[in-house]
Engineer: 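Here it is, the structure, as structure tokens.
In this text the structure is predicted, and so the values were computed from the model without any measurement. Just follow the structure's listing: the first ligand is 1, and inside any ligand the first atom is 1. Hydrogens, waters and symmetry mates play no part in the numbers below; they use all other heavy atoms, side chains included.
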Amino acid sequence: MPPVRSRPPALGPQPNAFRVIRYSVQPKNPAAHLFEVSVSIDTPDPAGQRFMLPVWIPGSYMVREFARHIVTLSAKSKSRRVACEKIDKHTWQCAPCKGPLTLTYEVYAWDLSVRAAHLDESHGFFNGTSLFLLPEGMQEAPCELHLQRPAGAGYASWRVATAMKPAERRGVSGKNASKRPPIKDFGVFVADNYDELIDHPVEMGTFTHASFEACGVPHHVVITGRHRADMNRLTADLRRVCEAQIRLFEPESGKAPMREYWFLIMAVGDGFGGLEHRASTALLVSRDDLPLVGLAEGGRASAGYRKFLSLASHEYFHTWNVKRIKPAAFVPYDLTRENYTRQLWFFEGITDYYDDLMLSRAGLISALEYLEIEADSIGRLMAQAGRTKQSVAESSFDAWIKYYRQDENAVNSIVSYYQKGGLVGLALDLTIRRATRNTKSLDDVMRTLWRDYGLTGHGVPEGEIEKVASHIAGTDLTRFFADYVYGTQDPDLANLFADMGITLSWRHAGNGNGAGDDSKRSESSVPGLGAKIVGDTNGDARLAQVFDGGSAMLAGLSAGDTIVAIDGLRVNVGNLEKRIRSYAVGSVVPIIAFRRDELLQRNLKLQAQTARTCVLTLSVVSATVTANRLKWLGQ
Ligand code: ZN
């Protein structure tokens, strides 16, 4: 990351580049959610040392201002106090001193997400981006972390889970790696530089731990929070996913790019999220999505467990795609501001494509289950008008202010670079397979990028993915990218699926609210409100989103309005849709709603229901097509 503004960037070797930065972290007051952190350097800048905290965490593209959680801060040189003041939202300036210089500060950690830090009497978790101030000019200096156990008998059984290297084992690698004790203890950890330090989140507490080897590399599964997960099933299934991915990138050597890997899982009542790191991932999941001990579920994965495996597979795929094969804009990361790239559709979308595909290839879901997941994604994408207004390249670029900051109009104005990016990945894969008569695929694109960028550490320039894909396909794919990545066209998946003996069809969506038997009505004869409805605390029907061109929008209704009566009869969240569907398309019905506390009377002219369900079915096909399908989906 470049120095904070107003100083020219340091050219050539920096005076402190090889001096160690020493950090210490003490969960000082778990009940008050406070970590005490210190950072020490021996030779501060004689003109006055600056320190900065990142404003975002790689993998989550939004400026989050972690510095707002720093509560108190003081600086000392030997036993003398050194003046230190803030010069902008995330930078501190110390007065000149000889050194050593130590800053001590408290960080409030009460964000139960994968992106920040969380501490209470049951556990501690942190990302370095929330805790570690970087002395300006020392981003390449080696780091030492003194991780201290919280004081008190109640914390005697706490252990540590992280991919960070313990100090005494620095340099141990290769075949000796598996001889390490599986779980780490409090003590000293090391990182080669700041970028590595902040890429190893740390969990501490009394978690459940299990381990397995994938292609000879130790993998650890750690679960914090109350749960009854079947650790044997979990490790067996994750092992299949991990090995399939390692062999995708390195089919010959089966060599993983990390010496160990950690799945750091926080199980809660209701939650979903993941963040990728170079040798670990932090996952926030619903405990009900984990497989239960004694419930083999006939060998198949439940929908919840499929969701969990898909998340784990997604984050693991990032070990290559985005942590090592990186957009040029991220080499290096600038942690002081937004880092713009038009390539997130690839780094997130392609990862989204492979997460479920790898479950299919690993045999954890059937081909039919895989197609159900894709059909659901196609259906959800096609229901959103935003896809006609923003390309996935634009969505990538504006992730910082749009995808990560969605409001009630997002459905009409933006496209998800995950969702459409994943379907562009699917279309690209099938296009390459078609162009090469099934001798090449997107896997070859991934391996080429891995060889040329992942293994060399060079960033992938804008436009390069297109060139590599065209080269692998043996045909110019400029048009494909112009239409689906830089343009807002929908990939022609129905056509591409046909190559694999898969039929794409549509049926109009049931609404699950007891709308009666609509199956005999044609799609165009079922009316819809054109809005997403949620229930208020008293059961009133509130419009959460109003879709472009739908009945509600044409009647002048907005997100936030509450509909209380239709055609003179009171309605609620339970019967509104059913009531709407009891009329014919084209009917005009009077409607009464509230906007805030003001009464609105409108006439609703009912448009045809547009929500449709995508269905993918497998046909009986020739032996050649079946073989091509097997090559693609595995099994
Ligand atoms: Zn991702």
Side-chain angles (χ1 to χ4, degrees), residues 56-62 64 113-116 127 129 163 198-199 201 238 241-242 244-245 248-249 257-258 261-266 271-285 289 306-327 329-330 333 338-359 373-374 377 380-381 392-393 395-400 402-406 414-426 428-429 442 445-446 449-450 453-454 459-460 465 485:
W56 66 284
I57 180 167
S60 182
Y61 306 106
M62 188 169 107
R64 294 184 188 275
S113 77
V114 295
R115 302 176 296 255
N127 285 289
T129 36
I198 60 169
D199 203 18
L238 286 173
V241 180
C242 296
Q245 294 196 18
L248 170 79
F249 285 95
M258 62 300 199
Y261 191 90
W262 293 73
F263 291 94
L264 303 177
I265 302 168
M266 178 83 202
F272 185 78
L275 196 61
E276 67 274 12
H277 300 281
R278 66 185 64 186
S280 60
T281 178
L283 305 174
L284 180 76
V285 304
D289 288 347
R306 248 163 45 181
K307 194 168 121 188
F308 167 81
L309 287 172
S310 172
L311 176 68
S313 175
H314 179 100
E315 305 306 341
Y316 195 75
F317 197 83
H318 276 315
T319 308
W320 294 266
N321 199 34
V322 97
K323 292 314 300 187
R324 289 175 176 82
I325 307 169
K326 291 180 174 184
F330 292 174
Y333 296 117
E338 294 84 352
N339 290 195
Y340 296 105
T341 167
R342 289 184 172 77
Q343 296 173 321
L344 291 182
W345 70 269
F346 184 86
F347 290 98
E348 286 301 347
I350 296 292
T351 302
D352 212 50
Y353 169 56
Y354 272 105
D355 58 25
D356 293 313
L357 181 61
M358 296 316 293
L359 299 188
I373 294 168
E374 292 305 306
S377 179
R380 283 185 291 120
L381 176 71
V392 285
S395 178
S396 302
F397 191 86
D398 268 340
W400 305 86
K402 292 193 173 180
Y403 184 77
Y404 269 93
R405 292 162 82 177
Q406 296 185 30
I414 69 166
V415 69
S416 160
Y417 51 77
Y418 285 87
Q419 196 176 29
K420 186 177 173 190
L423 294 174
V424 168
L426 168 63
L428 183 59
D429 196 4
L442 191 59
V445 174
M446 297 313 301
L449 291 170
W450 172 237
Y453 294 96
V460 182
I465 291 157
V485 172

Engineer: Check whether any N, O or S atom of Glu276 sits under 2.8 Å from the Zn ion (ligand 1).
Structural biologist: no
Engineer: Measuring from the Zn ion (ligand 1), name the closest N, O or S atom belonging to Glu348.
Structural biologist: OE1
Engineer: State whether a side-chain donor-acceptor pair under 3.5 Å links Glu348 with His314.
Structural biologist: yes
Engineer: Are any non-hydrogen side-chain atoms of Phe317 and Phe249 less than 4.5 angstrom apart?
Structural biologist: yes
Engineer: Can you confirm if the aromatic rings of Tyr261 and Tyr316 lie within a centre distance of less than 6.0 Å?
Structural biologist: yes
Engineer: Which word best sums up how the rings of Trp56 and Trp400 line up, parallel for under 30°, tilted for 30 to 60°, or perpendicular for over 60°?
Structural biologist: perpendicular
Engineer: Checking one value in my table: which N/O/S atom of His314 lies closest to the Zn ion (ligand 1)?
Structural biologist: NE2
